[in-house]
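One-based numbering, in listed order, for ligands and for the atoms of each. All of these numbers come straight from a predicted model, not from anything done at the bench.
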Amino acid sequence: MLHVTLRNARPHESAAVEERLVASGRFIKRIRNPDNEVMLAKVGAGEVAAVTALLEAMPGVERVVDIKSRYVLSARAAVADRTVVRITDELSIGGTEVVVIGGPCSVESHEQTSSVALAVKSAGARALRGGAFKPRTSPFSFQGLEEDGLDILERVRSETGLPVVSELMSVRKLEAMDRAVDVIQIGMRNALNYPLLKEVGALASRRPVLLKCGIGTSLEEFLCAADYVLAEGNPNVILCLRGTVGISQESRCSMNIVDVSALRRMTHLPIVVDPSHVAGRWEFVPSVAAAALVAGADGLLVEVHDHPEDALSDAEQSLKPERFHQMMHRLRLLAPVLGRTVAECETPVCVPDGHPLEELCLEAPPKNGEPRAARHGHAGPARLVAGA
Ligand code: PEP
Ligand code: MN
């Protein structure tokens, strides 16, 4: 597929490029992005070189590439530089900083959301996650506070200054969500819901979209799904790997760490990893987070709850705030080795004694009969890391 980028093209220049493409093969689509225009066309293999040369000489044309993969707009070759998605004036994802988004699985109350938000912020999280509309396996499980949950997220955003990420499941809630949140999450269950992807792509706000990979979805299908959003003129797509079925009965999902590196080669879009849904158990979350960082993730989406044992969803995988704080401390130590940064924390962190990287790893396994809740809180002697 021929991918033609136009920049600052005047209407008659765009029209001339479109005419040329129509004459040279099968014209597929014209995409008007906020700061450029893209045209796609299928051209016979024997004519690609000649048509490319003609197009490159036309005014307004910035770049012409022949993309061989099924995913086109998300393909690495489609743009010269990796995409950095701007979330707010202060926060972008896809640059040197590894952006950590922390918060509860579900918004349960103002008090709970606000206290978790303040805790993750003080540990260096740059955005708040929290589901108001929850996709639950059983229809009898907590389904989220819905619009009331969005009101709480808006309130907590104004109290903390943290941008908010929350999941959209139905096009009927599109406008409410667009008003209330900074990033629209499309969950694993809707990863291939093409009408929904087109609608978030067509939002006039070009609201950033955090698109999760579905269970059993190939990376190729995942990037084709991202193309559905991009094809509507919303270039602000953030990819999120959250694991898929695997061989372990100890964790909820498995994630091939190579997928992060592979995606970095396949696409220019920023990549986030959700270690909480991969792990399914809070004990595994820090090591998955560290592995994701090493493999090249641009961000992490992490579930945190101040009383995980009482959480209305995903209790087993939610970190307590102090655990999250400790994990952030270790990720901050790891990041410079990888040429990355993690935002500073606002309060000193209390870490158990031991080697920092060792502490990224797992707790001792539970003893038989020991209640899980009793193992929250940190084990062994602790020390304060001043100004960490
Ligand atoms: C979530 O983020 O809480 C969630 C439901 O995620 P997923 O769609 O990955 O299951
Ligand atoms: Mn969850």
Participant: Can you tell whether the side chains of R82 and D298 come within less than 4.0 Å, N to carboxylate O?
Facilitator: no

Participant: For a quick test of your reading: what N or O donor-acceptor pairs under 3.5 Å do the side chains of residues 91-105 make, sequence neighbours left out?
Facilitator:
unit_1 : atom_1 : unit_2 : atom_2 : d
E97    : OE1    : R126   : NH2    : 3.4
E97    : OE2    : R126   : NE     : 2.8

Participant: Does the side chain of D314 pick up a donor-acceptor pair with the side chain of H277 at under 3.5 Å?
Facilitator: yes

Participant: Can you tell which of L73, L197, V237 makes a side-chain contact (heavy atoms from CB on, under 4.5 Å) with D227?
Facilitator: L73

Participant: What's the shortest heavy-atom distance between S109 and Q112, and which atoms?
Facilitator: OG-N, 3.0 Å

Participant: Which residues satisfy the salt bridge (charged side-chain N to carboxylate O under 4.0 Å, His left out) test with K121, sequence neighbours excluded?
Facilitator: none

Participant: Which atoms form the tightest heavy-atom contact between A132 and S166, and what is the distance?
Facilitator: N-OG, 3.5 Å

Participant: Identify which protein N/O/S atoms are less than 2.8 Å from the Mn ion (ligand 2).
Facilitator: C105 SG, H277 NE2, E303 OE2, D314 OD2

Participant: Protein residues near ligand 1, heavy-atom distance below 4.0 Å?
Facilitator: C105, R129, K134, P135, E167, Q185, G187, M188, R189, K212, R242, H277, E303

Participant: Are side-chain N/O atoms of H307 and E108 paired as donor and acceptor at under 3.5 Å?
Facilitator: no

Participant: For L2, which of V65, L55, L40 qualifies under side-chain contact (heavy atoms from CB on, under 4.5 Å)?
Facilitator: L55

